[in-house]
Amino acid sequence: MDCQSDATAQTIEGVRLNFDEAFVAHHRVVYRYAYALTRDPGLAEDVVQEVFVRLHQHLDAAQRDGLLRAWLLRVTANVSRNAVRGLRRARSRDESFVAHMLQATAPARPDDELLRQAEISEARRALAKIKEPMRSCLLLKHEGLSYKEIAAALGVNESNVGSLIARARREFVRVYGKIGKS
Amino acid sequence: MRHCLDEETLQAYLDGEAPADVAGAVIAHLAVCARCAARAREAERAMAAIDGAIDDESPIDIPTARLRARVESAVMERLVESSAPSFAPRNIFWRAGLIAASALVVAGVMGWFVLRSSPAPERRQAAHVAQETPAANPPRPQQSSAPSATGQRGKTHRPRFVKKPVSDLAQTSLPGPDVAAPAAVLSEGETFFDFETTRHLEKAQVLLRSFENASSPSAEELAYDKRVSKELLLRNILLRRDAEGAENAPAKSLLGSLEPLLLDIANLPARPASGDLASVKRRIRKSEIVAALQVYSTPTTSLD
């Protein structure tokens with residue numbers, strides 16, 4: 001269903017959509033990007049809500065250059081940044097304590113599963129260490145955006161997108177390798 | 001292409017973003033340069049690992065229904081906010097003018113009452129006679145001094161919708177279909193809330209009742225219910241805000257419990273699964289809101 005919707009989103013990019021159509025076509029990619037930036041499902045939902053409220057207010061302007069998805073993701077990045085900033089202020093140290101306790105009391109798993117989880121965790125940490133806008137380039141590339149859309153979403157030059165992705169990739173390999181060794 | 005590939009060109013080729021001529025040159029170069037071919041393989045492996053990491057991090061389930069409900073509710077709230085008249089004074093003259101106009105209206109109304117209440121000469125005389133012979137003219141309630149045709153037939157005239165003072169409403173408790181206390185403080189024919197709210201509750205009651213009773217609604221019926229529900233939802237938000245502003249706790253509470261149910265109906269897909277319908281119906285039944293709506297949208301005489 002996700003793939004279907006994303007494919008639809010690609011085919012309708014450049015066509016003027018009404019608000020409902022825009023929501024149906026793009027809410028998934030907005031949610032996934034918001035989640036990747038905030039790493040908090042609740043916060044990601046807040047971000048999606050705010051992004052689409054803004055879209056409702058600026059539906060015409062958002063589609064003026066035919067890059068609605070890029071516009072949505074640019075707003076998603078801005079709203080997520082503010083949301084994370086607010087959350088960091090509000091969050092206490094209790095959460096890390098709870099996470100630590102959960103990890104400590106987690107049931108034992110088979111070795112293979114533990115190894116796989118460790119690998120995933122390392123890859124995630126490597127991904128998290130990549131700086132912006134390189135990290136967002138990777139995320140948006142993964143979501144199937146073209147260089148043109150990525151450039152519009154992140155406010156960077158289109159000719160630099162390939163270079164940013166290549167640097168992000170090198171950075172990932174460097175950090176992932178380092179974490180793997182340690 | 002004799003020189004080795006730079007990172008940017010290689011990446012654009014791997015991402016399918018290189019123009020056709022550049023892509024052709026890259027392919028030709030990779031066929032003859034072992035170093036660049038190894039770099040390309042390494043880059044592909046790294047991109048696969050990155051994709052895997054992103055996939056692992058991405059949420060599997062997207063809460064579409066909840067997101068849609070939240071977005072629609074937020075959009076409607078913003079619409080209501082933007083359409084509500086702003087009472088922020090733009091300038092002091094506007095405010096002063098409003099106060100002066102209000103004072104004039106109040107003075108006019110009071111003057112009219114004073115003139116009406118002062119008895120005419122003949123009425124004054126009749127009143128004098130009546131005072132002298134109280135037994136012959138037993139005192140009547142004030143409202144029956146000018147009985148209407150219906151009053152003469154032994155029925156009292158019922159005002160259809162009467163605005164209830166906020167202070168009285170605040171004493172009633174809501175929302176519960178078994179609340180009988182408010183009826184005791186209301187006179188016959190009055191409604192608990194103002195005209196607009198009562199009409200709204202009446203419509204909501206009809207919608208919820210018909211939705212709940214329809215065993216397998218057709219697509220047209222469902223589309224109609226959804227449309228009505230959306231209209232009512234917008235009105236509900238407005239009324240709830242009014243109730244909040246007027247500190248009318250019972251109305252606020254009732255409208256507040258009605259809102260999610262209207263939202264549920266409005267957000268149903270065009271062809272919902274039977275489980276979706278049953279779930280909304282279950283929520284309506286569980287909330288017992290239809291009974292509460294019936295109580296609060298009916299003039300008090302019907303409650304007897």
Side-chain angles (χ1 to χ4, degrees), chain A residues 1-2 5 19-20 23-24 27-36 39 41 44-46 48-57 116-117 119-128 130 138-139 141-143 146-148 150 158-170 172-173 176, chain B residues 5-19 22-23 26 36 39-83 226 230 266-267 269-270:
Chain A
M1 191 170 165
D2 269 12
S5 162
F19 182 71
D20 270 351
F23 177 85
V24 170
H27 76 277
R28 289 179 177 81
V29 67
V30 170
Y31 179 79
R32 279 198 296 263
Y33 188 40
Y35 183 86
R39 298 196 193 110
E45 284 187 28
D46 292 347
V48 174
Q49 178 183 321
E50 182 57 29
V51 168
F52 279 96
V53 166
R54 289 191 193 180
L55 174 67
H56 192 267
Q57 288 166 342
R116 205 182 76 84
Q117 288 298 326
E119 272 175 18
I120 290 172
S121 170
E122 280 173 10
R124 277 183 189 169
R125 278 161 61 197
L127 199 62
I130 298 172
L138 284 181
L139 292 171
K141 182 78 206 65
H142 180 79
E143 289 294 345
S146 65
Y147 279 13
K148 188 181 174 190
I150 294 173
E158 189 184 338
S159 59
N160 290 342
V161 173
S163 158
L164 284 168
I165 293 177
R167 280 168 58 196
R169 169 169 51 79
R170 281 204 306 273
F172 178 83
V173 170
Y176 189 39
Chain B
L5 301 170
D6 62 68
E7 284 287 346
E8 199 180 320
T9 309
L10 181 61
Q11 189 64 47
Y13 165 73
L14 293 174
D15 290 337
E17 291 273 348
V22 176
V26 170
C36 285
R39 279 171 59 213
R41 278 196 297 276
E42 191 191 328
E44 273 183 326
R45 273 202 300 273
M47 289 307 284
I50 289 168
D51 283 344
I54 295 173
D55 276 338
D56 285 333
E57 203 176 37
S58 295
I60 298 164
D61 297 320
I62 309 287
T64 297
R66 194 165 60 241
L67 287 173
R68 181 186 276 276
R70 286 188 62 169
V71 167
E72 284 187 359
S73 183
V75 163
M76 281 189 181
E77 290 233 358
R78 298 281 169 102
L79 281 177
V80 169
E81 270 171 21
S82 59
S83 64
K226 277 160 63 73
K230 269 185 188 164
N267 284 330

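Just so it is clear, the values below take in all heavy atoms, side chains as well, and ignore hydrogens, waters and symmetry mates. Throughout, protein chains are lettered first and strands after them, A, B, ... in sequence-line order, and every chain is numbered starting at 1. Bear in mind that the values here come from a model prediction, so they are computed numbers and not experimental data.
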Under 4.5 Å to a heavy atom of chain B? For A:D46 that would be both
Should A:H142 and B:I50 be marked as a side-chain contact (heavy atoms from CB on, under 4.5 Å) after you check the CA-CA gap, both sets of side-chain angles, and the distance that decides it? CA-CA 9 Å; A:H142 180 79; B:I50 289 168; over 6 Å; no
A:F23 versus B:V71, closest heavy-atom pair with distance: CE1-CG2, 3.9 Å
Given that the side chain runs from C-beta out, which part of B:E17 has a heavy atom under 4.5 Å from chain A: side chain, backbone, both or neither? side chain
For the candidates A:F172, A:F52, A:Y33, which exhibits the highest count of non-hydrogen atom pairs separated by less than 4.5 Å from chain B? A:F172
Test item: B:D51 and A:K141 side chains (from C-beta on) under 4.5 Å apart, heavy atoms: no
At a heavy-atom distance under 4.5 Å, which candidate from B:E77, B:E42, B:R70, B:R68 has the highest pair count against chain A? B:R70
B:D6 portion near chain A, given a 4.5 angstrom heavy-atom threshold: neither
Exercise: identify the closest heavy-atom pair between B:P63 and A:E45: CG-OE2, 3.6 Å
What pair of heavy atoms forms the shortest contact from A:Y31 to B:D61, and how long is it? CE2-O, 4.3 Å
Any side-chain heavy-atom pair from B:R78 and A:H56 closer than 4.5 angstrom? no
Side chain from CB out, backbone as N, CA, C, O: work out which of these in A:L139 comes under 4.5 Å of a heavy atom of chain B, or both, or neither. both
Working to the nearest 0.5 Å, report the span between CD1 of B:I54 and CD of A:E143. 8.0 Å
Contact leader toward chain A among B:R45, B:E72, B:M47, where contacts are heavy-atom pairs under 4.5 Å: B:M47
Against chain A, work out which of B:A43, B:A74, B:S73 has the most heavy-atom pairs shorter than 4.5 Å and name it. B:A43
For A:Q57, does the CD atom have more than 12 heavy-atom neighbours from other residues, nucleotides or ligands under 6.0 Å away? yes
Between B:E8 and A:S159, what is the shortest heavy-atom contact and its length? OE2-O, 2.9 Å
Given the options A:R169, A:E50, A:R167, which has more heavy-atom pairs under 4.5 Å with chain B than any of the others? A:R169
Flag the pair B:Q11 / A:S163 as yes when at least one side-chain heavy-atom distance between them is below 4.5 Å, and no otherwise. no
